[in-house]
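Handing you this structure, nothing more for now.
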Amino acid sequence: ILGRPGVDGMSWIEGWITPELRALLDAVFAKLARPGMCNIDDTDSVAATATVVDSKVLEAAARRDRRDAGQRTHDALFALLQPGVDPTKLGSHRGLPVQAIVTMSLNDLERGAGVATTASGGHVSINEALKMAEGTKPVLVVLDADGLPLYLGRCQRLASPAQRLSLIARDKGCTRPGCEAPASMCAVHHVTDWTKGGPTDLSNLTLVCDHCHALVNDSAEGWKTVVMGKDSPYRGRTGWIAPKSLDPTGAPRVNDRHHVGEWVAAAIESSCHRWGSRAA
Ligand SMILES: [Zn+2]
């Protein structure tokens with residue numbers, strides 16, 4: 001609902017949007033609404049038309065940026081609707097094209113049922129996801145039974161964007177236990193640090209939001225990351241070890257916040273089996 005303009009000319013906007021629209025908006029806002037981008041009050045901030053963002057210019061503009069998240073979203077939408085701005089040509093954000101990214105398993109794709117995950121943490125049905133793939137050209141990641149990417153659709157550059165896509169599909173968001181930051185707000189982190197010989201292999205990479213990234217260090221108050229071992233039920237996922245002051249056990253823990261779709265699918269699957277066996 002767009003409310004009537006008030007005496008000051010300002011209008012109230014309110015309403016529900018579908019997961020599909022949310023995925024498209026999130027992809028745009030992840031880039032255009034971040035601090036230092038599209039600031040109406042700062043002509044030296046980075047414009048929506050800048051396909052290549054100079055990180056020094058962006059960081060300087062972000063330091064001057066005093067807008068709250070709501071104002072940045074407003075300014076991003078304003079920038080998006082300016083003449084000459086093509087929403088399909090917004091360059092890249094964190095190494096990937098600014099497009100909705102939708103992840104689904106091959107099994108679900110073949111069955112035409114199940115839940116697909118968007119990079120911003122939303123869930124859409126497989127049918128809705130495929131409709132999006134036809135009409136809006138998102139990046140579509142399909143996983144095989146082992147969780148390895150089979151198809152990296154419409155991605156121009158293959159090497160590191162492919163790894164990032166795989167991480168979005170596998171981790172879905174920040175891997176620190178309890179953190180709800182979706183993949184669109186995450187950077188790629190080396191589980192074993194690069195400076196300590198950690199390779200840039202998928203098995204040694206994980207998604208971490210900027211806040212949690214800053215918590216990882218070698219001090220007594222720092223968090224550590226490990227790859228969960230073969231005998232863990234979370235094999236291959238990223239485990240986080242809290243500082244001793246928070247958790248004296250030193251046990252690595254994983255983040256389940258972004259895997260709700262899998263729980264839902266597993267619950268539906270197991271209840272179908274139960275019902276099936278009862279019927280038989
Ligand atoms: Zn986080």
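Any value given below was found using the heavy atoms of this structure, including those in side chains, with hydrogens, waters and symmetry copies removed. Bear in mind the structure is a predicted one, so any value in this text is a computation, not a measurement. Counting starts at 1 for both ligands and their atoms, in listed order. We count residues from 1, following the sequence as given.
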* **ILVMFWY clustering at 4.5 Å (side-chain atoms), partners of L2** =>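 ILVMFWY cluster around L2 also holds I13.
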* Asked: Do the side-chain N and O atoms of N255 and T175 include a donor-acceptor pair separated by under 3.5 angstrom?
  ->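 The criterion, which ignores hydrogens and geometry beyond distance, is not satisfied for T175 and N255.
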* Residues K196, D218: salt bridge by 4.0 Å N-O rule ->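 A salt bridge links K196 with D218.
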* Leaving waters out, which protein N, O or S atoms fall under 2.8 Å from the Zn ion (ligand 1)? ->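 You should have found C174 SG, C179 SG, C209 SG, C212 SG.
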* Report yes if some heavy atom in the side chain of W223 is under 4.5 Å from a heavy atom in the side chain of R176; otherwise report no. =>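 Contact flag for W223/R176 side chains = yes.
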* Asked: Do K56 and D54 sit within salt-bridge range, that is, some charged N less than 4.0 Å from a carboxylate O?
  ->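 No, K56 and D54 are not salt-bridged.
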* To do: Hey, could you give me the CG/CG distance between D44 and N39, rounded to the nearest 0.5 Å?
  =>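 Answer rounded to 0.5 Å: 10.5 Å.
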